[in-house]
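Structure record follows, encoded as structure tokens.
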Amino acid sequence: MDTLIRTSTLIDGTGAPARHGWSLLVRDGLIHQIGPDADFAGAEAAVIDLTTGVIVPGFLDVHTHFCYIHEAGFQQSAQHPNRAAMLLAGADNAAEWLHQGVTSTRLVGTPFDMDIELRSVVRGEKLPAPRMACAGRMMTMVGGRRNAWDFMKEEINGADEARRWTRAHLGRGADLVKLYCTTLLEENVADYLARALALPDDAPDPGRWSSLTVEEIRAVCDEAHKVGRTVAAHVAPTFGIKLALRGGVDTIEHGTVLDDECIELFLQTGATLVPTLSVMHYQMTHGDALGLPPVFTEFARRRWDSQVSMLRRAADAGVKIATGTDAIIDGMQYYDEVELLVDAVGLAPMDALLAATRNGAGALGMAGEKAGTLEPGKFADLVQLNGDPLADIHHIRDIMTVVQGGRVAAVPDRASGRGHRGHHG
Ligand SMILES: [Zn+2]
């Protein structure tokens, strides 16, 4: 039987202004028809009444890691990771993110391809969770693994090996390939940060970086794109962003130091930028309490101002920006990423909402064809907010109901904390 979802104010995520008195007819989890209530008179359907508040598309977090656990502390992988604990954390984080209105995610790097296993458990057991596009393990160049127990990355050398690895990895069930394109050659990151802090902002990067080559990146992109998959590139330094864009990746993750040439390359290639602001912001605001070495928080503070102003320039120039939290620290919330786009970067609430919905869909590859907007043929994934996010973006955290595939999937409950607590990877 079809489902009719009645709304009073609806923002469809295409950039069009809010509609009033519209309904959606859902068939087999997809939006079959959307339009003014009068169009649906006499429709035979079960009714979901969402005629209070404001309806927006379900959110997309295109950069997260549900299965992270922190036995060894922030950003350090454990020598003997507990896989059962990773899977449990993954299921719990997935449920939490769904309650925060995130109906689709991209998991961009997980030891042992545990995210692919999580996805099959979630499907098999029908657990509450966002739709998941999984990258499994990442690919990096020889020397890209930080230590012997960095179970999240695999090293390749040369375009042929990159191609071979990509084919095998997609065969293992990955929906996308995550490239770890650049890494510092020096062991002591704190030393590098101290050196960088001692230099003026416009001085050349004082680090010694190893990276994948354009040929290796291009080989991966060829193989992935052939079968409708996408490629995400972790890069921090400017030269790495350019390599990755020239190699044809779909998304740049972090992209901490952009220059004008990077912006030009984004526009030429149509790639999407996933700035993951909230992880750096969380380090700045909670670094001391988390016991991070002071040089890390000081560096984050220094980079913050230049990153947000460059991001604003990129957005003004027309670079597509999508939300990804990189929520790997206890206490992080999805909402922060969207709010920072308005509060720190200065985007209009509508542009932040598009970053949270439509803009991330392409990054999901085949999994995203039906995500991100409320239009015929798309997933009936939507969120009922108790206030207008275009008037005040902070209303995105005031969630009444989360609908996924035309069914009520989550009702955040302040008593249980679901939808209101952080990620606890
Ligand atoms: Zn990440």
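We count ligands from 1, going down the list as the structure has it; atoms in each ligand are counted the same way. Index from 1, following the sequence.
Near the Zn ion (ligand 1), less than 2.8 Å away, sit the protein N, O or S atoms H63 NE2, H65 NE2, D326 OD1.
Note that CD of E375 is 8.0 Å distant from CD1 of I34, once rounded to the nearest 0.5 Å.
Residues H234 and K178 meet the side-chain proximity criterion, which asks for heavy atoms closer than 4.5 Å.
A side-chain donor-acceptor contact under 3.5 Å links D113 to the backbone of R137.
For the pairing with L176, the side chain to side chain contact (heavy atoms under 4.5 Å, CB included) check across T251, T230, V62, L364 returns one residue only, T230.
Using a 4.0 Å cut-off between a side-chain N of Lys or Arg and a carboxylate O of Asp or Glu, R163 and D160 do not qualify as a salt bridge.
A pairwise comparison of heavy atoms in C262 and K242 identifies SG-CE, 3.8 Å as the closest pair.
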